[in-house]
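The next block holds one structure in the form of structure tokens; read it before the comments.
Computed from a predicted structure; not experimentally measured. Order of listing sets the numbers, starting from 1, for every ligand and every atom in it.
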Amino acid sequence: MAERRFGVGYALAPKKQASFIQVSLVNLAKEGGIDLVKIDMDKPLIEQGPFDCVLHKLYGEGWKRQLEEYALKYPNVLIIDSPEAIERLHNRISMLQVATELEIKCDSASFGIPKQTVVYDAKIVSASYLESEGLKFPVIAKPLVADGSAKSHKMLLVFNKDGLSKLKPPIVLQEFVNHGAVIFKVYVVGDYVKCVKRKSLPDVNATEENLGKLESYMSFSQVSNLNTCEKNDDKYYKLMNLDDAELPPLIFLTDIARGLRRATKLYLFNFDLIRDNRVGNRYLVIDINYFPGYAKMPNYECVMTDFFWDVLNKNDKGFESLQKGSCGKEVRMLVGNKGYGEEEATLPVSPLKREEKENTIQV
Ligand SMILES: O=P(O)(O)O[C@@H]1[C@@H](OP(=O)(O)O)[C@H](OP(=O)(O)O)[C@H](O)[C@H](OP(=O)(O)O)[C@H]1OP(=O)(O)O
Ligand SMILES: Nc1ncnc2c1ncn2[C@@H]1O[C@H](COP(=O)(O)OP(=O)(O)O)[C@@H](O)[C@H]1O
Ligand SMILES: [Mg+2]
Ligand SMILES: [Mg+2]
């Protein structure tokens, strides 16, 4: 019998395509019967394929409509992920709201989000306003919209009232929590979870005296993605050793990942976790990103190939999910987690090596 092959069409911005679609991934997927095919953005999606799965990270209503149209024409196509589910992550309030909906039961660690408030009008922000919202200096000002633009990553760490004049609403004002300058990035790919450590902002001595002495604010962008050379210039980072930071308990991360998958209905995301130095084993989710930089994950080719194989084969067995499209009709889309993960998945090509498995968790 001829081998069943699957076609996965991908629609990614050029930078994302360059980092994610590596020859090693394309070849490994091919060996597993999965062809990764670039979607031509100069042509309507509806004229391409047919694909068994559409993998995408693009923004805008036009693209969303094309996906809906495609799902209507090809009711068996898996859209990874559903645009509605992704949209929830494009606003830093609704993004973290999901995390507050989770019930995580763990004896050795607790979980939450930092205190935060949204500001639409710069005029209302004053030191007493912050106080009324339960916030104290320092605070982080984050653009409300997280749409992948450079602007959406531009943040301010505000040390005192003088810094408040620099705010550009709409923004989220969030308490800055000392966390030993380490963030835990937890990558989720369907059932697979991988936690890595990254350098973060240094702790701040938040006494009134010290905050008064500091510049009023500090602007920064994508701290955890700065390359090592940039950081090595800094005395603070020279002194710290990332290896010393203890990872959060695995079972705890597993529960959060599973909870977020259910609540967001997403397959492909990561979340940033910090350990609140004031409380010990209390962890806070500060950011959730759709389809993050998976190529930075060890052995990502294998993880992704396993994932594609798994969802495509499950889909073959009648994976069903409906949602209302903007056209008003029912559109069948892959809504993450429905039915997925309930069966034991057989590992396809190149299963993870033993030592890699031991450092990762499956939810
Ligand atoms: O480009 P990379 O590999 O640094 O990945 C970015 C992510 O880095 P991470 O994997 O978390 O270290 C990055 O994560 P952070 O927001 O920096 O925590 C975002 O997911 C970013 O996407 P977007 O700009 O928010 O749409 C991701 O950017 P895109 O590749 O999706 O443009
Ligand atoms: N509440 C917080 N307390 C302390 N540091 C934070 C907090 N929120 C964000 N940071 C730091 O700022 C960085 C960027 O914030 P994040 O919300 O992850 O935005 P982005 O989407 O640009 O990654 C984080 O990686 C972390 O270093
Ligand atoms: Mg982040
Ligand atoms: Mg982010």
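- R92 and D287 are joined by a salt bridge, as a carboxylate oxygen and a charged side-chain nitrogen come within less than 4.0 angstrom of each other.
- The Mg ion (ligand 4) has an N, O or S atom of N289 inside 2.8 Å of it.
- Using the six-membered ring where Trp is involved, F184 and Y283 have ring planes that are perpendicular, over 60° apart on the 30 and 60° scheme.
- Salt-bridge annotation for K105 and D255: absent, with no side-chain N of the basic residue lying under 4.0 Å from a carboxylate O of the acidic one.
- At a threshold of 2.8 Å, the Mg ion (ligand 4) has no backbone or side-chain N, O or S atom of D272 nearer than that distance.
- Contact check on E103 versus R258 returns no salt bridge, with no Lys/Arg side-chain nitrogen under 4.0 Å from an Asp/Glu carboxylate oxygen.
- Protein residues having at least one heavy atom under 4.0 Å from any atom of ligand 1 are K15, K16, K57, Y59, G148, H153, K185, Y187, R198, Q222, N225, N270, D272, D287, N289, F291, P292, G293, K296, listed by chain and number.
- Ring orientation note: the planes of F111 and F252 are nearly perpendicular, at an angle over 60° on the 30°/60° scale.
- When only modelled atom types and interatomic distance are considered, R282 and S110 share a side-chain donor-acceptor pair under 3.5 Å.
- By the ring pair (Phe, Tyr, Trp, His ring centres under 6.0 Å) test, Y70 is found to be paired with Y74, residues two or more places apart in sequence or in another chain being considered.
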Just list the side-chain donor-acceptor pairs under 3.5 Å for residues 173-183, sequence neighbours left out, or say none.
from: Q174; atom 1: OE1; to: K142; atom 2: NZ; distance (Å): 2.8
from: Q174; atom 1: NE2; to: Q116; atom 2: OE1; distance (Å): 2.9
from: E175; atom 1: OE1; to: R278; atom 2: NH1; distance (Å): 3.4
from: E175; atom 1: OE2; to: K115; atom 2: N; distance (Å): 2.8
from: N178; atom 1: OD1; to: V204; atom 2: N; distance (Å): 2.8
from: N178; atom 1: ND2; to: V204; atom 2: O; distance (Å): 2.9
from: H179; atom 1: ND1; to: V177; atom 2: O; distance (Å): 2.7
from: H179; atom 1: NE2; to: S200; atom 2: OG; distance (Å): 2.7

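- Under the 6.0 Å cut-off for aromatic ring centres, F20 and F291 qualify, their centroids lying closer than that.
- No hydrogens or angles considered: a donor-acceptor pair under 3.5 Å links the side chains of D203 and N277.
- Listed as neighbours of ligand 2 are R92, P114, I140, K142, H153, M155, Q174, E175, F176, V177, H179, I183, S200, L201, F220, D272, I274, I286, D287, each bearing a heavy atom under 4.0 Å from the ligand.
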